[in-house]
Amino acid sequence: MDWLITLAKFLVNEVLSQPAYLIGIITAVGLLALRKPAGQVAGGAIKATLGLLLVGAGAGLVTNALDPLGRMIQGTTGAHGVIPTNEAIAGIAQEQFGARVAWLMIVGFLISLLLARFTPLRYVFLTGHHMLFMATLLTIVMATAGQSSVAVVLGGGVLLGILLVALPAFAHPWTKKVTGNDTVAMGHFGTAGYVLSGAAGQLSGKVGKPSRSTEDMQLPEGLRFLRDSMVATALSMVLIYLVMSVLFLAKAGRDTAFKAFTTATGNDAAGVGDYLMQSLMQGLQFGIAVAVILFGVRTILGELVPAFQGIAKRVVPGAKPALDAPIVFPYAQNAVLIGFIFSFVGGLVGLAVLIWVFNPAFGLALVLPGLVPHFFTGGAAGVYGNATGGRRGAVVGSFLNGLLITFLPALLLKVLGPYGLADTTFGDADFGWFGSLLGNTAKLGGAAGLIGMLTLGALILLAAWIMQVRLVNTGWSPGSTSFHAAAVADARTGAASDTRTYEKIAPPVGAPAPPPVNGGRSA
């Protein structure tokens, strides 16, 4: 029997505890369940395994690129500064928590299917990378609070499953307002910002004259290059690096500042020009690192999500797919750019408040605005705000979203244990509010902490259930007046429906294609 024990130890310690192998095995099982050919099963498993190894490689690059920036911010402001990047913090956490994250993600998805099958919350969350990020957040918070691996996987799986069906329900009245139909839901953990933006748009529409749609505006084509996430990430980091390097040089002096990149490059800067060019290079290196992580995540999900989707169709027939934030971009292309701009402005205002108020008073970290989270969540918030309040709603709603994704990550850092000292964190609104509540509840410790966290999940499920039954299923729509330009025109002419069409923009690479909507228009 010794060989059997040896084999069992080998499988547990060398295979099932290794995240890359585990993801490959899970992918293979999913593809086998869909009766895929043996070659496709093997290829999918290998690609998923390589994808997770790419995530780990990218995480190392991120850490190296962020280290000099963290010391610059600390040296200039005396405060801890971070760049919220979901991919970066998830990649960094893989080394310690990878196996638990993988198991939690699978358990959570299966529980979400059961909830979708047997409750009114009939949503199937198919934004795989956000499942991965939320599974990582749950694992970090619960594990650093002292919960056992079994409690993390099973308890965290229950919480993840609840979030995957509850949050699309909270956003769905506003999502229907955006799309004009009931065929698709929002499956992205920026829900709090989208709901806030939609509600703010509705309130702003009651002030003064009705605001016309953003789609009546002509915005410059030159800004659309920012839809490329790799370009936007690199540009934002180059700007941040150059600004902080100049401030650090002015405060710390040449001798200290020129040593900022010694760890990353192996050499002190030779002069001011070399110092600035090293700053520029580190910003570009961060863009490359995030691109590597994104490629790894897409490689994993390219195999894993189809398996999930096929299983979901069998388990929950007729459920609405909850898809990534760019699913709403084509409904109001100008609102996307307006939303990005004013969300970024909100991030700058929030950073100023952190510097002058919350950092001195509460020791909150300085959250620097990054172009990627502000583009994706701010752009979507602009679309939601425009749906209920036109241009004014898009501006106000996205600005509030920018404040949210600045203050909430700062609060979240307080409950991430040793990861709260990292130079990056989770960036979208739902990670912030839910992670903060969960982390503070987890401080109860032991069984009390686990019961408290599960109670929090139960309250969220109950609230979503009530909203689905009393508002979504009854056809409630936020506001009685649409502020889209087409609806304004219809009100003047007495037309019964929106017949105007707009030129559409393509969602970012990798975004799911939205379904056709009324009149045969492609969203």
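Basis for what follows: all heavy atoms, side chains included, without hydrogens, waters or symmetry-related copies. What you see is a predicted model; the values in this text were computed from it and never measured.
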Peer 1: Could you tell me if the side chain of L137 sits less than 4.5 Å from the side chain of L412, heavy atoms only?
Peer 2: yes
Peer 1: Distance from M467 atom CE to H172 atom NE2, nearest 0.5 Å?
Peer 2: 10.5 Å
Peer 1: Treating T424 as the side-chain partner and T85 as the backbone partner, does any N or O pair qualify as donor plus acceptor under 3.5 Å?
Peer 2: yes
Peer 1: Just so I know, are the side chains of V195 and W174 near enough to count as touching, which here means a heavy-atom distance under 4.5 Å?
Peer 2: yes
Peer 1: Quick one: does I140's side chain get under 4.5 Å of F426's, heavy atoms only?
Peer 2: yes
Peer 1: List the steps and the verdict of side-chain contact (heavy atoms from CB on, under 4.5 Å) for M134 and F125.
Peer 2: CA-CA 12 Å; M134 185 59 79; F125 195 103; over 6 Å; no
Peer 1: Less than 3.5 Å apart, any donor N or O on the side chain of H130 or D324 sitting next to an acceptor on the other?
Peer 2: no
Peer 1: Do V124 and L113 come within less than 4.5 Å of each other through their side chains, counting heavy atoms only?
Peer 2: yes
Peer 1: Should the pair H129 and F133 be assigned to parallel (<30°), tilted (30 to 60°) or perpendicular (>60°) ring geometry?
Peer 2: perpendicular
Peer 1: Any non-hydrogen side-chain atom of S436 less than 4.5 Å from a side-chain atom of L408?
Peer 2: no
Peer 1: Using modelled atom types and a 3.5 Å cut-off, is there a donor and acceptor pairing between side-chain atoms of S112 and backbone atoms of F109?
Peer 2: yes
Peer 1: Using a 4.5 Å cut-off on heavy atoms from C-beta on, say whether the side chain of L104 contacts that of L160.
Peer 2: yes
Peer 1: Please collect all salt bridge (Lys or Arg N to Asp or Glu O under 4.0 Å) contacts where either partner lies in residues 38-55, sequence neighbours excluded, each pair once.
Peer 2: K47-E303
Peer 1: For R392 and S204, indicate whether the former's side chain and the latter's backbone hold a donor-acceptor pair under 3.5 Å.
Peer 2: yes
Peer 1: Would you name the heavy atoms of G161 and I111 that are closest together and state the gap between them?
Peer 2: CA-CG2, 4.1 Å
Peer 1: Between F376 and H188, is the ring pair (Phe, Tyr, Trp, His ring centres under 6.0 Å) condition met? List the steps.
Peer 2: CA-CA 10 Å; F376 283 98; H188 187 272; 7.6 Å; no
Peer 1: State whether the side chain of N386 and the backbone N or O of A394 hold a donor-acceptor pair below 3.5 Å, judged by distance alone.
Peer 2: no
Peer 1: For the side chain of D428 and the backbone of F189, is there at least one donor-acceptor N/O pair under 3.5 Å apart?
Peer 2: no
Peer 1: Side-chain contact test, heavy atoms from C-beta onward, threshold under 4.5 Å: evaluate it for L114 versus R117 and give yes or no.
Peer 2: no
Peer 1: Any pair with a residue in residues 396-416 that passes side-chain hydrogen bond (donor to acceptor under 3.5 Å, both in side chains), sequence neighbours left out, goes on the list, sorted by first then second residue, please.
Peer 2: S343-N401, T377-N401
Peer 1: Indicate every side-chain donor-acceptor pair of residues 452-462 with a distance under 3.5 Å to a residue at least two apart or in another chain.
Peer 2:
from : atom 1 : to   : atom 2 : distance (Å)
T455 : OG1    : I451 : O      : 2.7

